[in-house]
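So that the names make sense, note that chain A is the first sequence line, chain B the second, and so on, each numbered from 1.
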Protein chains: 2
Amino acid sequence: MPPIKVKSAEVATTPRRQHKADARAAAGSHGPAKPRAQTRIQREKQDVILEAALEVFSMHGFRGATIDQIAEVAGMSKPNLLYYFPRKEEIHRRLMSALLDTWLAPLREINADGDPFPEIRSYIRRKLEMARDYPRESRLFANEMLQGAPRIIEMIEVDLKNLVDEKAKVLLTWMDQGKLARTDPYHLIFSIWATTQHYADFDVQVRAVLGPARGGEGRFEDAARYLEGLFLHGLTPRSTPKAG
Amino acid sequence: MPPIKVKSAEVATTPRRQHKADARAAAGSHGPAKPRAQTRIQREKQDVILEAALEVFSMHGFRGATIDQIAEVAGMSKPNLLYYFPRKEEIHRRLMSALLDTWLAPLREINADGDPFPEIRSYIRRKLEMARDYPRESRLFANEMLQGAPRIIEMIEVDLKNLVDEKAKVLLTWMDQGKLARTDPYHLIFSIWATTQHYADFDVQVRAVLGPARGGEGRFEDAARYLEGLFLHGLTPRSTPKAG
DNA sequence: CTAACATTTTTCCAACTGGTCAAAATTCTG
DNA sequence: CAGAATTTTGACCAGTTGGAAAAATGTTAG
């Protein structure tokens, strides 16, 4: 039922800090984080919780979200939820580290051996599809950014930066080969992020402005068409009159 | 000292709802909302509060922000703050309605009688300057959007929509005259919003990715140059080899 | 100076917050 | 089915939250 699957047995990329609760759970009398393998119920409930947490965190941010609220959306009691995730931060961390992977996948796919325009074009497509299909993930990310990314700044500075550096080099190579306008590859990537994620993060505004007629599902196709033209030719009118 | 001036005697655009506290203040024994004209201290303190609230709301969103926190930033006690704004919502509302005006000013300035490229170019400049000079306002707005704009949806659906409709028509006229590539004027406006506001809303990410060398104040000039090229020609390489 | 007003502080409150704990209920395993 | 392990519940807690009330202090016009 939940449209987004969050990896449940995911291994944290950052070395798991020894919270008081973690310690208790690891050595202690109850709690699912024991050395023993996860049960079916554990996996299921954790998924339900993460799905509910995504819903709540993505709307209200970390501080604005409450455990009670998450528990209610998840359809369980607060202590029950806390049995699976001993602290609020833990839920958020799990959500974030699972997210960053998914989030950067489209960029990773850019192939240095491909041709620039098809590659960039399909990158935009993929990002736009993510904005359409995973808007909550986009908002979760945006929320974290607005707050100064306190809980993922390291990931941003290392993993994300490295990936962008790598892809910026690819773009530069294409520019050197004269296959792409010589411009700033970093700001190029930013502009793709911005224009595509806008449709998830500012969805309310987009819908309100487009109105009921054009604000339906078709808006993503319209956006794709527009962005394609923008990144290809900009706004300069071309004299190609009426060719399909 | 505060870099942003929020209009202090601003008249609420939405009909002021009769909160319990409003009623009390209007008829009652104390509170600044009396019929009598505002004193100097009232104006000053309200500005200090709004400035502090901007700081806090823009980072944590409405629910994540606390009155205590705002009061601390404003350098006063919580009850003292509540003397000027009887409820948290009131502060936020004042902030938001002042914001929307400022926020849409650059779009308003687009002149139908001007030439499309200079007009669009300076619109992008203005928006980028706002992202640089008023990043907190941008984040406040973004935060509200992420939450589904519950407190300003009407303004979005009326004021903002009307303005965008009007300017979209201007763009369409330019397209009809062959001065601008025929494309979707709404998504065109969205893309300018997205690309410019990105530098305020995702500032942490932008800095982290650009690194200390390129993440300094120069990044806005770089962004301006890049965006100019993007909106003018897109990414298609032009054979103009090495001219200024 | 003083009365009338404006402002600030102190004290307080009920609801909510993240989180604990032991006991009860359930599920799993031999 | 019995016993062990897991899961769920209910009662509870200390700290924080938005806000109220009133007393105490400033300020200012006459």
| said: In whole Å, I'd like the distance from the CD atom of Glu44(B) to the P atom of dT7(C). | reply: 11 Å
| task | Output the single nucleotide from dT6(D), dG19(C), dT8(D) whose closest atom is nearest the side chain of Lys78(A). | result | dG19(C)
| said: Among residues at least two apart in sequence or on other chains, which ones pass side-chain hydrogen bond (donor to acceptor under 3.5 Å, both in side chains) with His187(A)? | reply: Tyr199(B)
| request: Side chain of Lys88(B) only, please: which of dT8(D), dG19(D), dG18(C) is the nearest? | output: dG19(D)
| field | Any Tyr83(A) side-chain N or O less than 4.0 Å from OP1/OP2 of dT7(D) | value | yes
| query | Trp103(B): what forms a side-chain hydrogen bond (donor to acceptor under 3.5 Å, both in side chains) with it, not counting sequence neighbours? | reply | none
| note | Paired runs of 3 or more consecutive Watson-Crick or G-U pairs involving DNA chain C, with both pairing distances under 3.5 Å, are C:1-30 with D:1-30
| query | Sequence neighbours excluded, which residues qualify as side-chain hydrogen bond (donor to acceptor under 3.5 Å, both in side chains) partners of Asp165(B)? | reply | Lys161(B), Tyr186(B)
| said: From CG of Asn80(A) over to P of dG18(C), roughly how many Å is that when rounded to an integer? | reply: 16 Å
| So Met76(A) and Ile49(A), side-chain contact (heavy atoms from CB on, under 4.5 Å) or not? Walk me through it. | CA-CA 9 Å; Met76(A) 62 179 76; Ile49(A) 292 169; 3.8 Å; yes
| task | Have a look at Glu90(A) and tell me which of Lys88(A), Arg93(A), Arg87(A) forms a side chain to side chain donor-acceptor pair (under 3.5 Å) with it. | result | Arg93(A)
| query | Can you tell me how far P of dT7(C) sits from CG of Leu81(B), to the nearest Å? | reply | 14 Å
| request: Let me know the distance between CE of Met76(A) and P of dT9(D), rounded to the nearest Å. | output: 9 Å
| said: Under the rule for salt bridge (charged side-chain N to carboxylate O under 4.0 Å, His left out), what residues qualify as partners of Glu221(A), not counting sequence neighbours? | reply: Arg125(A)
| request: State whether Arg87(B) places a side-chain N or O below 4.0 Å from either non-bridging phosphate oxygen (OP1 or OP2) of dG18(D). | output: no
| said: Could you work out, with salt bridge (charged side-chain N to carboxylate O under 4.0 Å, His left out) as the rule, every residue matching Lys127(B), not counting sequence neighbours? | reply: none
| message | So Lys45(A), base contact, sugar-phosphate only, or nothing? Heavy-atom distance under 4.0 Å. | response | sugar-phosphate
| note | Residues at least two apart in sequence or cross-chain that pass salt bridge (charged side-chain N to carboxylate O under 4.0 Å, His left out) with Arg132(B), listed by chain then number, are none
| field | Separation of dT17(C) P from His60(A) NE2 (nearest whole Å) | value | 11 Å
| Non-neighbouring partners of Arg108(B) that pass side-chain hydrogen bond (donor to acceptor under 3.5 Å, both in side chains), sequence neighbours left out | none
| task | Provide the full list of side-chain hydrogen bond (donor to acceptor under 3.5 Å, both in side chains) pairs with a residue in residues 66-76 of chain A, sequence neighbours left out, each pair given once. | result | Gln69(A)-Arg63(B)
| Could you give the CZ-to-C1' distance, from Phe57(B) to dG18(D), as a whole number of Å? | 12 Å
| CD of Glu89(B) versus P of dG19(D): gap in Å, rounded? | 8 Å
| message | Does the Lys NZ or Arg CZ of Arg151(B) fall within the cation-pi geometry relative to Phe62(B) - under 6.0 Å from the ring centre and within 45° of the axis? | response | yes
| task | Report the nucleotide, chosen from dT11(C), dT8(D), dG18(D), that has the shortest atom-to-atom distance to any side-chain atom of Pro79(B). | result | dT11(C)
| query | OP1, OP2 of dA6(C) versus side-chain N and O of Tyr84(B): anything below 4.0 Å? | reply | no
| task | Using atom CZ of Phe85(A) as one end and atom P of dT20(C) as the other, report the distance to the nearest whole Å. | result | 15 Å
| query | Side chains of Thr102(A) and Tyr134(A): donor-acceptor distance under 3.5 Å anywhere? | reply | no
| Closer than 4.0 Å, any side-chain N/O of Ser77(B) to the OP1 or OP2 of dT8(C)? | no
| Where along residues 61-70 of chain B does a heavy atom come under 4.0 Å from DNA chain D, residue by residue in number order? | Ala65(B), Thr66(B), Ile67(B), Asp68(B)
| Taking the side chain of Gln42(A) as heavy atoms from C-beta outward, which of dA20(D), dT6(D), dT8(C) is closest to it? | dT6(D)
Could you list the protein-to-nucleotides 26-29 of chain C atom pairs, N/O on both sides, closer than 3.5 Å?
from	atom 1	to	atom 2	distance (Å)
dC28(C)	OP1	Arg40(A)	NH2	2.7

| Of all the nucleotides listed (dG19(C), dT8(D), dG19(D)), which has the minimum atom distance to the side chain of Leu82(A)? | dG19(C)
| request: Can you tell me which residue pairs pass the salt bridge (charged side-chain N to carboxylate O under 4.0 Å, His left out) test with a partner in residues 186-202 of chain A, sequence neighbours excluded? | output: none
